[in-house]
Amino acid sequence: MAKPATWLAAVNRYVGCCLMTVLTPILAQAQTNLHLETGFDREVNLYRWQSTARYDARWAEWQLSVANRFVSDAFIQFDDQLRFRDEDRMHLSAERRLGSVLDAILRGYVDWFGSGRALAQGLLAGIAYRPLRAVSIVPLAGVAVDRRPGPPQSDGTIVQHSDAGPAGGGAVRVSSRTVAGYLVDLDAEGIWENLNPRRGHRVHIASSAERAFGEARLSSAMRISSRRRDTYQAASFLNRDQLQSAQSVEATTSDTLDARLQLLAPVAAGLRVIAQADLIANNRRIRTARAPEQSIYFETDFARRAFGGEFGLLYDRGSVSAELTAEVDISAERRELSNREELPASEATRRALLLQQADYDEGVLGVQGRFRAVILPRMTLMFTGSSRIVRHDTPIANLDDRDEVVHNMELGIQVRPRRHLTAEVKVFGSYYHAVFLNQERSAENSVQRSLRLRPAVSWHPHARTRLELASEVRATYTVDDFVLPGRPSKDQSAREMRLETNWEQAVTEDSDFRLTASFADLRLGRLLWSSFAEIPFDTLRTYNFWVRFETGRWLRGELGWRAFVRSDYDRVARIQYARLDASGNPVTDASGAVLQSSIARAAQRWITQMGPAAALNWTRGTARLRLDAWANMQRVFHILYGSLPESSREHIRESARRGSRRLIPLVRLGVSWRL
């Protein structure tokens, strides 16, 4: 019998030969179309490279399509080392007409995941049969190869497992065909892989049907999917006496059903009724195969069921539109230990309890409405509101058992005294009450009330000028239902004021000036609800400013300046400062390094970020290039409160004001073109 490695190499050669056999005649005289998109982002501690390529070609009776997507992330960790996470996925499709109802089909894929060092390849071929123009039946057969690392061995090495075997599947598609008066769509596809000793499959079936009964319309949609993934698992901590080379195969299978039924029917002039039902069901099973003898492993079942229903009235006639709907949602999750009888009683009880703690039943009952009407020639009234009651039931071991009540409201008036001038005022209100039913968390019961007022003005006298001004005041009050004896109240208030402006001005035909600025003042305090008073304990202020100038037509450049300033209260600010001797000179150790001391005090903390911002946007036909770059110079410093040691008071305050500085470069590059 051939060795696995030899057989795997033969399979790889076979896959490569098949690909070359198909691609060589196509590429020789093909009518090609190549579309490429690339991008690069640099943000603080993240580097990201990504590219998407799609190649379409047509030669004689052959049609070829190749799509490839590559993503690479590099993270800077706390030790200043780069950690990479790469992923590349390539899919190939080739078709050739064999007759009026037959086509030759070739499908291939290569998926590579760098973080797990996993590589999956497959090549399948088949004959597509089209008995009707809108119906296609495609059986497929081929080979699949999967390589991924196993668990660490006793000496710390990791062995790569390469499994290969036959693969088969098929697809059935019915596109927009009328059956018994219904407009039907069907898309079904499945792939099964036998990678001894592992198995795998990916199946999905999606269908929709729609029919009109006069002016009424009934539509339905359903999607069924199933996926199985087998992985190698090491002997667990409970099996530490087992040899590390003894490995099991863990199979995870997930089956999902998602269905929707909707009816939309008119009942009067401008009035329609809508009814909708949604169903979601998911089963996930974990099974273990090839487990070592006398080993302990856990097999679990997970089930989730969710049902939602909605009934409402829609009105739209003239200058009035309104909507009133009621909804109900019911969901439940259950987790069970399926091999409990095969486990020691203590381990089975412990694991079953852990699984049970995550179970829940939830019911939601809600009502929501929307209204919009032109009450005067230049005045529009808007209203949106909703109310929801949530009951979240959990087992006794789970302390998250709770009831919730949520109310939200938005009322607005929009006025247009002139054609180029629009003013509006909006009022937002919300109410949230959470009640935990378990005694251990009942002290967390709270009520949160929030009210916002947001007036705004938009003025654009002509196409070259646009000015928007907005302000907002917000008040949020959070009150506990009760306070335990001997504990302080946690009631809190948050009051905020915001100012925003956005100005766009066309300087010339191809040049624009843009200004964006905002200011926010947020004040937090301890709330005395009975007397409706507060004791302030923090004030957070933020300033944003961005001014930029753009010019150019097909090559458009942008240059500007961005600034962000934030200040808040730091209860315990730790300040590092150089130790000084009696003469005021820094104290050094034997190697000449300056000795440092630290002190903790309450302080006002300031964070400033500012620097230039530039962009370049190039467009030529279907090709596009976008480059954005920022250079944020960040400074963090403190203004100390309270007394300080007399001998070094000014030195400590100066060190706090000096703070720390850091340059944060941000770069983003995107390229897209079609050849």
Side-chain angles (χ1 to χ4, degrees), residues 236-238 250 252-260 277-287 296-310 326-368 386-408 430-450 476 478-485 487 489-492:
S236 68
F237 177 76
L238 298 175
E250 184 179 88
T252 302
T253 305
S254 180
D255 302 325
T256 304
L257 167 65
D258 189 348
R260 168 174 292 184
D278 296 275
L279 174 65
I280 298 177
N282 175 253
N283 291 329
R284 187 171 66 246
R285 303 177 301 278
I286 298 179
R287 297 294 183 264
I296 297 177
Y297 55 90
F298 303 103
E299 296 183 342
T300 60
D301 291 337
F302 168 83
R304 184 178 188 272
R305 303 290 184 267
F307 173 80
E310 180 180 327
E327 62 176 355
V328 58
D329 293 303
I330 303 173
S331 60
E333 288 189 3
R334 294 292 183 269
R335 296 161 179 81
E336 295 181 354
L337 189 63
S338 61
N339 66 331
R340 185 166 186 166
E341 301 298 329
E342 305 172 8
L343 298 173
S346 60
E347 292 296 335
T349 302
R350 182 182 64 86
R351 179 53 65 97
L353 180 60
L354 290 175
L355 292 174
Q356 185 186 17
Q357 288 180 1
D359 293 347
Y360 71 86
D361 294 319
E362 185 175 88
V364 179
L365 179 63
V367 179
Q368 58 185 2
S386 65
S387 295
R388 290 165 58 93
I389 300 176
V390 181
R391 182 168 184 175
H392 189 84
D393 295 331
T394 62
I396 298 177
N398 189 339
L399 303 181
D400 199 33
D401 195 3
R402 68 187 186 276
D403 293 341
E404 300 176 1
V405 175
V406 184
H407 303 299
N408 289 290
S430 65
Y431 174 90
Y432 174 75
H433 189 188
V435 177
F436 290 91
L437 304 181
N438 285 286
Q439 182 179 2
E440 291 84 348
R441 295 191 62 184
S442 60
E444 301 179 31
N445 299 349
S446 63
V447 177
Q448 185 181 86
R449 303 171 178 87
S450 182
T476 302
T478 304
V479 181
D480 291 339
D481 282 355
F482 61 88
V483 179
L484 295 176
R487 293 189 181 182
S489 172
K490 296 185 297 181
D491 296 350
Q492 182 173 305

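None of these values were measured; they are calculated from a predicted model.
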Worksheet entry | Heavy-atom pair of closest approach, residues A358 and R335 | O-NH1, 3.0 Å
Discussion item. For a 4.5 angstrom cut-off between non-hydrogen side-chain atoms, does F298 reach L343?
Written reply: yes
Worksheet item: Taking the side chain from N339 and the backbone from E299, do they hold a donor-acceptor pair closer than 3.5 Å?
Response: yes
Discussion item. Is a donor from one side chain sitting under 3.5 angstrom from an acceptor on the other, for T253 and R287?
Written reply: no
Fill in: E341 atom CD, neighbour heavy-atom count above 12 within 6.0 Å
no
Fill in: Side chains of D301 and N283 in contact at under 4.5 Å (non-hydrogen atoms)
no
Worksheet, complete the sentence: Closest non-hydrogen atoms of Q448 and T478, given as atom of the first, atom of the second and distance, are NE2-OG1, 3.3 Å
Practice prompt. Salt-bridge test for D400 and R441: reply yes if a basic N is under 4.0 Å from a carboxylate O, no otherwise.
Written response: yes
Response to the item:
Taking every heavy atom of H433 against every heavy atom of S446, the minimum-distance pair comes out as CD2-O, 3.1 Å
Practice prompt. Might you point out which heavy atoms bring D329 and G308 nearest each other, and give the distance in Å?
Written response: OD1-CA, 3.2 Å
Fill in: Donor on one side chain, acceptor on other, S489 and D480, under 3.5 Å
no
Response to the item:
Paired with D361, the side-chain hydrogen bond (donor to acceptor under 3.5 Å, both in side chains) test is passed by just one of R305, H392, R334, namely R334
Discussion item. So, taking the atom named CD in E333 and the one named OH in Y360, what distance separates them when rounded to the nearest 0.5 Å?
Written reply: 3.5 Å
Practice prompt. Considering non-hydrogen atoms only, spot the tightest contact between N438 and N398 and give its length.
Written response: ND2-O, 3.4 Å
Practice prompt. To the nearest 0.5 angstrom, please state how far the CG atom of L337 sits from the CD atom of Q356.
Written response: 12.0 Å
Fill in: Atom CZ of R391: over 12 foreign heavy atoms under 6.0 Å
no
Worksheet item: Can you list the steps and then say if R285 with D255 is a salt bridge (charged side-chain N to carboxylate O under 4.0 Å, His left out)?
Response: CA-CA 9 Å; R285 303 177 301 278; D255 302 325; 3.2 Å; yes
Discussion item. With heavy-atom distances below 4.5 Å as the criterion, would you say the side chains of Y431 and V447 are in contact?
Written reply: yes
Worksheet item: For R388, does the CZ atom sit with more than 12 other heavy atoms under 6.0 Å from it, leaving out its own atoms?
Response: no
Item to complete: Please check if the side chain of N445 supplies one atom and the backbone of S442 the other of a donor-acceptor pair under 3.5 Å.
Response: yes
Item to complete: Might you point out which heavy atoms bring S430 and N408 nearest each other, and give the distance in Å?
Response: CB-OD1, 3.3 Å
